[in-house]
Trainee: 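Quick one: the structure is below, and I'll ask about it shortly.
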Amino acid sequence: MAQEMRSPIESGCPDGFQYMHPVMRKNYGQWAYHEDIRPGVLVHVSHNGDKIWTVRAGTQRILDLFTLRKLCDIGDEYGEGYIRFTIRSNIEYQLGDEAKVEPLIKKLEDEGFVVGGTRNSVTMISHTQGWLHCDIPGTDASGVVKSMMDELIGEFTSWDMPNRVHITTSCCQINCGGQGDIAINVQHTKPPKINHDLVSNVCERPSVVARCPVAAIRPALVNGKPSLEVDEKKCICCGACFPPCPPMQINDAEHSKLAIWVGGNHSNARGKPTFQKLVASGIPNNPPRWPEATAVVKKILKTYKENAKDWERMNDWIERVGWPRFFELTGLPFTKYHIDNWRGARNSLNASTHIRF
Amino acid sequence: MAKNTYPTPMLDELESGPWPSFITGIKRLRDEHPDERINAVTNGLLGQLEHSYETRKGYWKGGTVSVYGYGGGIIPRFSEVGDAFPESKEFHTLRVQPPAGNFYTTDMLRQLGDSWEKWGSGLVTFHGQTGNIMFIGATTENTQHFFDEINEYGFDLGGAGPCVRTAMSCVGAARCEMSCAHEHGIQRWMVNNFTDDVHRPALPYKFKFKVSGCPNDCQNAIERSDFAIIGTWRDDMKVNQEEVKNYVQKKGRQYLIDNVISRCPTQAISLRDDDTIEVDNHNCVRCMHCLNVMPKALHPGDDRGVTILIGGKRTLKIGDLMGTVVVPFKKLETKEDYESLQEMAEDIIDFWAENGLEHERCGEMIERIGLVNFLEGIGIDVDPNMVSSPRQSSYARMDGWDEEAEKWFERKREEKQAASA
C-alpha cells in the first residue's frame, strides 16, 4: 500500500460511566423505588434519599444535525447536560434538581418534541430503515412511523392504556423491528419475479438455494444462461432469497402488502415471553401516509383499551378473553391464513372442548 | 442552499402533523446548512426517497466497504438510481458502538456531531435495532476519515455481517431498583473480549449478546439475542409489609387481589387478614409482575446472579425462536465468575462456528441437532429448568439410562457436600 494507513484502536464498547449523571454514578445499584409523576416523567429514589428525575421525549429518530444540536442546547440550558436514549429511540434527560423538570418539559414541547412514552402509554414505535437506507425494503419505516405517531400522539402523552403498548414496524419479512404488542410488517403475496439476465453474474446460486425455507428454489438453465427457478406452488413469498440475490425481485408496488400481528411480549411478567400472532393482512402499502394501516392499528388499540383490565398486556388480554372474542370485538375477519401450517403448527390448534359461547 | 432541489410532493405530506418530522429535518440540511456538500447529498437523498415513495420500491444495493484493518462495521449503500440522483450515490452507514447503557453528555454528542458534519450527511440515529449509533450517509472515502477521527477519542465500529454484533443492555443499576446485575459491566466484559470477532466477520452468521438486569427484560434479550444474560435472585424477595399496607390503604383490597394476588402465575402470594402478604418464595418464578405493581413494597432478594438463555433470533430462516435456558443461575461477582462466563461464550461460539451451517443462527443449529447434543458439545449438564416439560414421545433410544441416572445422583451428592462444606 503506497499510502501509510492508520491502524484502528480496537477499543470496542466505551464505558458509559464517564457520561452518566453524577447522581446516578453515586447511587449505582442503590435505587430503592421509583414513582411515575406524570406521563414522560419518572423520579427514582435511592436508599440514601437521593433522587434523580428523568424526562422522556419522542423525536423523529432520524436526527439531522440541527435537531441533534437543539436537543443538546436544551440539555445544557434546561437540563444538566446528561442524556440517554431508550431502546425505542426516545431521548431521556436526567436531572438532579426537581425545579428543572417543568421548565424542561415546557421547552421540549415548545420546540416540538413530545414528552411521554412511559408506563401504560403507547410509546415510540420501534422501527428500521426502510426506503431511506435498507437494501431490501418493501416499504418505508420512518414515514410509516411518522404517520402513525401523528395519530397516536395522544396515547404517547397519556396513561390511558391498560398496560404499556410496544408497537414495531418491519420493512421485510425478516422483521428486524422485532416482537410487539402490535407489529406492522411487510407481507409479500406473490413469488419473486426473476431477472434471469442478472442471476449468474450477481448471485452465488447454491447460497440462494440454501436460503429458501421451503426448498422451492433450484438451479436452472434459462435462455442458455445459468439461473434459478422457483416452484411457485411451494413458494411462501417470504423474500429470503432476495438479500443474497437481488435479481429475485420480491418487492412489488401492488402485491407487497402490510400485515398486522399482535401479542408479542418480551417480558417475563405474569406469563412467559410470547411471539406475536397474525390478525390482519392485505393492507395496501400506501405512501406517503399509509392511512389503512393506521386505521387497523387504531381499531385494535381502541378495543384493547376498552376491554382489557389493568396490567394486562395485549397478549394477556387476548389469552383471557380468547381469540374468537378478539376477532368479534375488532371486527377483523378470521380467514384460513390465520391457521398456522409452519413447523410445530399443531401446538396452536385447540385440542380441547374449551370453547366460549 | 442547494440551487436546484428535486421536487418532493409526497415527502412534503410528511411535514404536517404534530409528531416531529424527519423530512423537515433532512430539508433543513438541504436548505440551511452552510456546507454545500451536505446540501447536495441530502438533496440527492430526498430525490431518491421521493422516487421510492412514487414507485414503492427501494433503490439501495450493498457492496464491500470497510475501514483499514477491519472487515465489517459499515453498511455499504450504493444507489441503483445514482445517475438520476448522483449527489447521494455513495451513502454508507457507519455502525458505531455506543457507550454501555446509551449514556452521553451533551459535550460528547456535540463532538460526534461535529465530526459527522465534516465527513458525513449530517443524519444520525440513536440507535439502530442492533444497538449501534447509525451515522447514515458517507462516501467510501469519507468513511475512513470519519472513523479515524472518532476512533481517536474512544469510539469504535460495531459489527455487521456474520460476526459478533454490538451488544446492548438496559438502563440497569444506573437507574432501576429492579436491577440484579452489573449490566453495563457484563456487556462490556463480554463484547470487548470478542472485538476480533466483531471486526472481522468469520462466523456462520450474526451472534448477539444482550443484557437485562431483571426478568422484565427491557432489553428484549430473550427474543433478540443469541446469548441473553438476565439478572435474577435465588433467595426470598424483600417485602416491606408497611408499604404493602399503604398500598392497600391507597388502592383498596380488591385492587390488590385483582392485580397482584390473582395475577401471580404460580399463586405464590396470599393476602393475610391484616393486609400484609405472605410469599411462597420456593414457588415464585421471579416473573416480576408483583414487583412492577408495587415497586415501593417489593424488591428482589440479595442473593443475585444471572440466568443465561441461548438461541433467540428473528424470523429468517426457520421462524422466530426465543432463547432457552442453558444456565438457570450463575453468580457474577468475582473476576473468576466473569472469566467463566466468557469461557462459556467462547465454547458456544467455537462449537457453533464448527457445527453451524452457513447463515444458520446458533438457535437454529440447536433446533437442528437437539439441545442435548449442544449441551454435550459445550460441556454443560442437563437440568430440569431447561425444559417446560420432559419428553412426550416414547420413540427414543434410552439404553444409557443407568449411567445418566447415576450422573444425576452424583451431581446431587456433590451439591450437597458443597453446601455443607
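The basis for the numbers below is simple: all heavy atoms, side chains too, and nothing from hydrogens, waters or symmetry mates. All figures in this text were calculated on a predicted structure; none of them were measured in a lab.
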Trainee: Answer with side chain, backbone, both or neither: which region of A:Glu80 has an atom nearer than 4.5 Å to a non-hydrogen atom of chain B?
Mentor: neither
Trainee: In terms of heavy-atom pairs under 4.5 Å, which option from A:Met20, A:His166, A:His34 contacts chain B the most?
Mentor: A:His34
Trainee: Do the numbers put B:Arg28 on top of the ring of A:Phe66, so that NZ or CZ is under 6.0 Å from the six-membered ring centre and no more than 45° off the axis?
Mentor: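 Output yes; distance and angle both within limits.
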Trainee: Which region of A:Met124, side chain (C-beta onward) or backbone (N, CA, C, O), has a non-hydrogen atom less than 4.5 Å from a non-hydrogen atom of chain B, or is it both or neither?
Mentor: side chain
Trainee: Would A:Tyr28 and B:His182 satisfy ring pair (Phe, Tyr, Trp, His ring centres under 6.0 Å), going step by step from the backbone distance to the final call?
Mentor: CA-CA 9 Å; A:Tyr28 188 87; B:His182 178 24; 5.4 Å; yes
Trainee: Check salt bridge (charged side-chain N to carboxylate O under 4.0 Å, His left out) between A:Arg343 and all other residues, then give those that pass, not counting sequence neighbours.
Mentor: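 Partners of A:Arg343 under the salt bridge (charged side-chain N to carboxylate O under 4.0 Å, His left out) test: B:Glu367.
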Trainee: Answer with side chain, backbone, both or neither: which region of A:Asp252 has an atom nearer than 4.5 Å to a non-hydrogen atom of chain B?
Mentor: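 For A:Asp252, the contact with chain B is made by the backbone alone.
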Trainee: Please check this pair: side chain of B:Ser52 against backbone of A:Trp131, looking for a donor-acceptor N/O pair closer than 3.5 Å.
Mentor: no
Trainee: Please flag which part of B:Met178 lies under 4.5 Å from any non-hydrogen atom of chain A: side chain, backbone, both or neither.
Mentor: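 Neither part.
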Trainee: For A:Ser46, is it the side chain, the backbone, both or neither that has a heavy atom under 4.5 Å from a heavy atom of chain B?
Mentor: neither
Trainee: Quick one: what part of B:His92 sits under 4.5 Å from any heavy atom of chain A, side chain, backbone, both or neither?
Mentor: backbone
Trainee: Is A:Cys238 in contact with chain B via its backbone, its side chain, both, or neither, using a 4.5 Å heavy-atom distance?
Mentor: neither
Trainee: Can you tell which of A:Asn251, A:Asp140, A:Leu68 has the highest number of heavy-atom pairs within less than 4.5 Å of chain B?
Mentor: A:Asp140
Trainee: With respect to chain B, which residue among A:Gly16, A:Gly138, A:Cys72 yields the maximal number of heavy-atom pairs within a distance under 4.5 Å?
Mentor: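 Counting heavy-atom pairs under 4.5 Å, the top option is A:Cys72.
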Trainee: Which atoms of A:Glu312 are under 4.5 Å from chain B, going by heavy atoms: the side chain, the backbone, both sets, or neither?
Mentor: both
Trainee: Can you tell me which of A:Glu10, A:His44, A:Met24, A:Gln60 forms the most heavy-atom pairs within a distance under 4.5 Å of chain B?
Mentor: A:Glu10
Trainee: Is the side chain of A:Lys146 donor-acceptor paired with the backbone N or O of B:Trp19 at a distance under 3.5 Å, no angle test?
Mentor: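 Yes, because the side chain of A:Lys146 sits within donor-acceptor range (under 3.5 Å) of the backbone of B:Trp19.
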Trainee: Is B:Glu360 salt-bridged to B:Lys317, cutoff N-O under 4.0 Å?
Mentor: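 Looking at B:Lys317 together with B:Glu360, the answer is no, because their closest N to O distance does not fall below 4.0 Å.
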Trainee: So which of B:Thr42, B:Asn259, B:Leu11, B:Leu357 has the biggest tally of heavy-atom pairs under 4.5 Å with chain A?
Mentor: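 Option with the greatest count: B:Asn259.
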Trainee: With a 4.5 angstrom heavy-atom cut-off, could you sort out which part of B:Asp107 is near chain A: side chain, backbone, both or neither?
Mentor: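 Neither part.
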Trainee: Under a 4.5 Å heavy-atom cut-off, does chain B meet the side chain of A:Glu109, its backbone, both or neither?
Mentor: neither
Trainee: Of the backbone (N, CA, C, O) and the side chain (C-beta and beyond), which part of B:Pro98 lies under 4.5 Å from a heavy atom of chain A, both, or neither?
Mentor: backbone
Trainee: Considering only heavy atoms, which portion of B:Val191 lies under 4.5 Å from any heavy atom of chain A: side chain, backbone, both, or neither?
Mentor: side chain
Trainee: Would you mind checking if B:Lys27 and B:Asp12 are paired as a salt bridge, meaning a charged N to carboxylate O distance below 4.0 Å?
Mentor: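 Yes, charged N to carboxylate O under 4.0 Å.
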Trainee: Below 4.5 Å from any heavy atom of chain B, which atoms of A:Pro213 appear? Answer side chain, backbone, both or neither.
Mentor: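 Both backbone and side chain of A:Pro213 come within 4.5 Å of chain B.
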Trainee: Heavy-atom pairs under 4.5 Å with chain B are the metric here; pick the option from A:Phe113, A:Phe17, A:Trp290 that has the most.
Mentor: A:Trp290
Trainee: In terms of heavy-atom proximity below 4.5 Å to chain B, should A:Trp311 be classed as side chain, backbone, both, or neither?
Mentor: both
Trainee: Using heavy-atom distances under 4.5 Å, tell me whether B:Leu321 contacts chain A through its side chain, its backbone, both, or neither.
Mentor: backbone
Trainee: What part of B:Ser16 gets within 4.5 angstrom of chain A, counting heavy atoms only: side chain, backbone, both, or neither?
Mentor: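 Looking at B:Ser16, backbone and side chain both touch chain A.
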Trainee: Which bit of B:Leu49 is near chain A, if near means a heavy-atom gap under 4.5 Å: side chain, backbone, both or neither?
Mentor: side chain
Trainee: Once the angle between the rings of B:Phe91 and B:Trp60 is folded into 0 to 90°, is it parallel (under 30°), tilted (30 to 60°) or perpendicular (over 60°)?
Mentor: parallel
Trainee: Angle between ring planes, A:Phe85 versus B:Tyr104, binned at 30° and 60°: parallel, tilted or perpendicular?
Mentor: perpendicular
Trainee: So for A:Arg25, is it side chain, backbone, both, or neither that comes closer than 4.5 Å to the heavy atoms of chain B?
Mentor: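 Neither part.
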Trainee: Tell me, side chain or backbone of B:Asn292 under 4.5 Å from chain A's heavy atoms, or both, or neither?
Mentor: both
Trainee: For chain A, which candidate among B:Arg263, B:Gln97, B:Lys296, B:Arg77 shows the most heavy-atom pairs at distances under 4.5 Å?
Mentor: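 Counting heavy-atom pairs under 4.5 Å, the top option is B:Arg77.
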Trainee: Is B:Ser121 reaching over with its side chain to a backbone N or O of B:Leu123, donor-acceptor style, under 3.5 angstrom?
Mentor: yes
Trainee: Under a 4.5 Å cut-off applied to non-hydrogen side-chain atoms, are A:Ser207 and B:Glu358 in contact?
Mentor: yes
Trainee: Below 4.5 Å from any heavy atom of chain B, which atoms of A:His21 appear? Answer side chain, backbone, both or neither.
Mentor: neither
Trainee: Spell out, as yes or no, whether a donor-acceptor pair under 3.5 Å connects the side chain of B:Glu243 to the backbone of B:Leu298.
Mentor: no
Trainee: Please name the pair of heavy atoms, one in B:Gly128 and one in B:Met134, separated by the smallest distance, quoted to 0.1 Å.
Mentor: N-CG, 3.6 Å
Trainee: Check whether B:Met108 gets within reach of chain A through its side chain, its backbone, both or neither, counting any heavy atom under 4.5 Å.
Mentor: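 The side chain, not the backbone.
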Trainee: Is it the case that the side chain of B:Asn151 and the backbone of B:Phe155 share a donor-acceptor pair, with hydrogens and angles ignored and the cut-off at 3.5 Å?
Mentor: yes
Trainee: Go through the atoms of A:Ile9 and report whether side chain, backbone, both or neither lie under 4.5 Å from a heavy atom of chain B.
Mentor: both
Trainee: Below 4.5 Å from any heavy atom of chain A, which atoms of B:Tyr59 appear? Answer side chain, backbone, both or neither.
Mentor: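 B:Tyr59 has no heavy atom closer than 4.5 Å to chain A.
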Trainee: Heavy-atom distances under 4.5 Å only: say whether A:Glu111 touches chain B with side chain, backbone, both or neither.
Mentor: neither
Trainee: So for B:Val285, is it side chain, backbone, both, or neither that comes closer than 4.5 Å to the heavy atoms of chain A?
Mentor: neither
Trainee: Chain B heavy atoms under 4.5 Å from A:Gln249: which part of the residue, side chain, backbone, both or neither?
Mentor: neither
Trainee: Name the member of B:Arg175, B:Glu223, B:Glu117, B:Met168 that forms the most heavy-atom pairs with chain A at distances under 4.5 Å.
Mentor: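 So the answer, after comparing B:Arg175, B:Glu223, B:Glu117, B:Met168, is B:Arg175.
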Trainee: Just give me the residue among B:Ser212, B:Ser388, B:Pro99, B:Cys180 that pairs up with chain A most often, heavy atom to heavy atom, under 4.5 Å.
Mentor: B:Pro99
Trainee: Is the closest basic N to carboxylate O distance between B:Asp320 and B:Arg224 below 4.0 Å?
Mentor: no
Trainee: Counting only non-hydrogen atoms closer than 4.5 Å, does B:Gln219 touch chain A with its backbone (N, CA, C, O), its side chain (CB onward), both, or neither?
Mentor: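 For B:Gln219, backbone and side chain are both near chain A.
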Trainee: May I ask you to say whether B:Arg110 pairs ionically with A:Asp73, meaning some side-chain N is under 4.0 Å from a carboxylate O?
Mentor: yes
Trainee: Hey, is A:Arg289 close enough to B:Glu13 for a salt bridge, meaning N to O under 4.0 Å?
Mentor: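 Salt bridge flag = no for B:Glu13 with A:Arg289.
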Trainee: Counting heavy-atom pairs under 4.5 Å with chain B, which one of A:Ser170, A:Gly29, A:Pro244, A:Gly81 comes out on top?
Mentor: A:Gly81
Trainee: Suppose we screen for salt bridge (charged side-chain N to carboxylate O under 4.0 Å, His left out). Which residues come up paired with A:Asp340, at least two apart in sequence or across chains?
Mentor: none
Trainee: Got B:Ile222 and A:Asn268 here, is their nearest side-chain heavy-atom distance under 4.5 Å?
Mentor: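 They are in contact (side-chain heavy atoms under 4.5 Å apart), so the answer is yes.
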Trainee: Given ring pair (Phe, Tyr, Trp, His ring centres under 6.0 Å), test A:Trp53 with A:Tyr93 step by step and report yes or no.
Mentor: CA-CA 8 Å; A:Trp53 282 267; A:Tyr93 293 89; over 10 Å; no
Trainee: Is it the side chain or the backbone of B:Gln48 that comes within 4.5 Å of chain A heavy atoms, both, or neither?
Mentor: neither
Trainee: Are A:Asp135 and B:Lys61 close enough for a salt bridge, meaning some N to O gap below 4.0 Å?
Mentor: no
